[in-house]
J.: 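Here's a structure for you.
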Amino acid sequence: MKLPQKKLNSVLIKPAGPDCNMHCTYCFYLEKKDLFKQNKIHRMDEQTLEETIRQVMTHGGSQVSFGWQGGEPTLMGLQFFKKAVQLQERFGFQQSVGNGLQTNGLLLDYKWAQFLKKYHFLVGLSLDGPEHIHNHYRRLKNGDGSWSRVTYKAQLLLDEGVAVNALTAVNNYSVQFPDEIYQFHKDLGLNYMQFIPCVETDPDNPSQAAPFSVSSTKYGEFLCRLFDLWVSDFVNGQPMTSIRFFESVFYHYVGLQPPECNLLPQCGIYLVIEHNGDVYSCDFFVEPEWKLGNIKNGNLTEMLNSRRQNKFGKIKSNLPPKCQSCPWLKYCWGGCTKDRIKDPRDKGLNHFCESYQMFFNHADSFFKKLAQEWKSQQ
């Protein structure tokens with residue numbers, strides 16, 4: 001049976017490859033330098049940028065999304081992103097264009113803030129919470145903590161009216177402090193939050209997860225407490241803060257497709273483009289097996305619908321028996337494929353399976369009530 005053609009609506013671009021001006025303990029992307037050993041410094045040239053944007057704008061639908069990530073994408077400099085916007089305007093045809101920038105914030109200044117505000121960039125700022133939590137793993141290359149610099153840049157962006165989300169990694173240390181992290185973000189003015197649980201394979205002992213990884217039980221407790229904090233801030237039935245995972249789950253409760261690919265039955269719905277034009281299946285699978293081609297001599301739409309990309313997408317739906325009989329399957333669909341392989345002790349089950357079960361048992365009744373209220377207002 002022929003699969004329906006997927007539309008080229010979203011790409012994730014790594015313009016500086018794995019290069020970064022920080023050295024966070026839990027970073028999974030720094031090791032990708034081994035894929036690009038021919039150069040010590042990795043930067044996307046203008047030809048590759050132009051071809052990428054031309055293809056996305058030409059073959060994309062009425063709404064297209066560009067995610068700029070790394071490593072650290074701001075190493076490219078502000079002029080690179082000004083050029084990117086010019087190319088979007090040049091090749092576009094009355095489309096709605098979204099730009100998201102994920103950054104550690106160190107290189108941002110007033111000129112950056114003006115630009116990001118003018119062109120409606122959504123900034124995901126990596127900030128793990130108060131100083132003792134953030135600095136535990138998010139350090140500069142010289143070993144110093146980065147918290148004071150990042151919080152200063154957060155305030156700069158907020159003062160200039162830039163749309164900012166707090167991107168918070170939940171690791172074996174930060175998982176202990178849901179109240180403190182949530183309140184800190186609120187006090188700073190970061191009412192839009194995204195929490196990303198850490199699990200990576202230990203390079204020193206590949207038979208287990210890295211020490212900074214968060215356990216399933218602890219993350220489940222974290223999610224439940226965070227949910228209670230989120231709900232306690234509702235006013236007249238409306239949330240006063242935004243937590244992406246909770247809102248994405250809610251899509252399922254009202255019969256809509258959630259925006260997060262890890263909550264879909266299959267993945268492979270976007271493409272990753274590295275600094276040299278190499279195209280991969282997923283941010284977490286930038287590796288030779290899942291290289292789809294190169295932007296300079298290939299077509300992004302064809303790569304998105306290629307046999308290899310479809311094969312990658314189907315891996316997510318190959319679920320173990322425990323998942324197939326789980327009452328919460330229709331809400332999480334086994335979670336992210338990456339989280340099934342990073343801790344070998346999980347034996348193919350999602351590392352956060354218990355977390356999700358704890359969370360859905362805790363939050364289900366509230367979500368159902370919220371969904372009824374939402375549907376009655378439509």
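Just so it is clear, the values below take in all heavy atoms, side chains as well, and ignore hydrogens, waters and symmetry mates.
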J.: Using ring pair (Phe, Tyr, Trp, His ring centres under 6.0 Å) as the criterion, list what pairs up with Tyr173, not counting sequence neighbours.
T.: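 Listed in chain order: His132, His136, Phe177.
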J.: Angle class for the Phe359/Phe367 ring planes (parallel below 30°, perpendicular above 60°, tilted otherwise)?
T.: perpendicular
J.: What residues, two or more places apart in sequence or in another chain, satisfy salt bridge (Lys or Arg N to Asp or Glu O under 4.0 Å) together with Arg90?
T.: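 So Arg90 forms a salt bridge (Lys or Arg N to Asp or Glu O under 4.0 Å) with Glu50.
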J.: Which pairs pass side-chain hydrogen bond (donor to acceptor under 3.5 Å, both in side chains) with one or both residues in residues 10-20, sequence neighbours excluded?
T.: Lys14-Gln69, Lys14-Asp283, Asp19-His42, Asp19-Arg43
J.: Listing request: all side-chain hydrogen bond (donor to acceptor under 3.5 Å, both in side chains) pairs with a residue in residues 365-374, at least two apart in sequence or in separate chains.
T.: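 Sorted result for residues 365-374: Asp364-Lys368.
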J.: Applying ring pair (Phe, Tyr, Trp, His ring centres under 6.0 Å), name anything that partners Tyr182, two or more places apart in sequence or on another chain.
T.: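 Partners of Tyr182 by the ring pair (Phe, Tyr, Trp, His ring centres under 6.0 Å) criterion come out as none, since no residue qualifies.
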J.: Throw together a table of side-chain donor-acceptor distances under 3.5 angstrom for residues 188-199, partners on residues two or more places apart or in other chains.
T.:
none

J.: I'd like to know if the side chain of Asn262 pairs up with that of Lys338 as donor and acceptor (distance under 3.5 Å, no hydrogens or angles considered).
T.: no
J.: When you compare the side chain of Asn172 with that of Ser213, does any pair of heavy atoms fall below 4.5 Å?
T.: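 Side-chain contact under 4.5 Å: no.
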J.: Can you find a side-chain donor-acceptor pair between Gln47 and Glu51 that sits under 3.5 Å?
T.: no
J.: With sequence neighbours excluded, tell me which residues meet side-chain hydrogen bond (donor to acceptor under 3.5 Å, both in side chains) with Asp34.
T.: none
J.: Residues two or more places apart in sequence or in another chain: which of them pass ring pair (Phe, Tyr, Trp, His ring centres under 6.0 Å) with Trp230?
T.: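 Only Phe227, Phe234, Phe246 meet the ring pair (Phe, Tyr, Trp, His ring centres under 6.0 Å) criterion with Trp230.
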J.: Can you list, by chain and residue number, the hydrophobic cluster partners of Met240 when the side-chain cut-off is 4.5 Å?
T.: Val235
J.: Ring centroid separation for Tyr356 and Tyr331, is it under 6.0 angstrom?
T.: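 No; Tyr331 has its ring centre 6.0 Å or more from that of Tyr356.
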J.: Under the 4.5 Å side-chain heavy-atom rule for ILVMFWY, direct or indirect, which residues accompany Tyr152?
T.: none
J.: If the condition is ring pair (Phe, Tyr, Trp, His ring centres under 6.0 Å), which residues does Phe212 pass it with, not counting sequence neighbours?
T.: none
J.: Could you pull out every donor-acceptor pair under 3.5 Å between side chains of residues 275-282 and any protein atom, sequence neighbours left out?
T.:
{"residue": "Asn276", "atom": "OD1", "partner": "Asp278", "partner atom": "N", "Å": "3.1"}
{"residue": "Asn276", "atom": "ND2", "partner": "Asp278", "partner atom": "OD2", "Å": "3.1"}
{"residue": "Asp278", "atom": "OD1", "partner": "Lys291", "partner atom": "NZ", "Å": "3.4"}
{"residue": "Asp278", "atom": "OD1", "partner": "Asn294", "partner atom": "ND2", "Å": "2.8"}
{"residue": "Ser281", "atom": "OG", "partner": "Gln309", "partner atom": "OE1", "Å": "2.6"}

J.: Would you confirm whether the ring centroid of Phe284 sits within less than 6.0 angstrom of the ring centroid of Phe28?
T.: yes
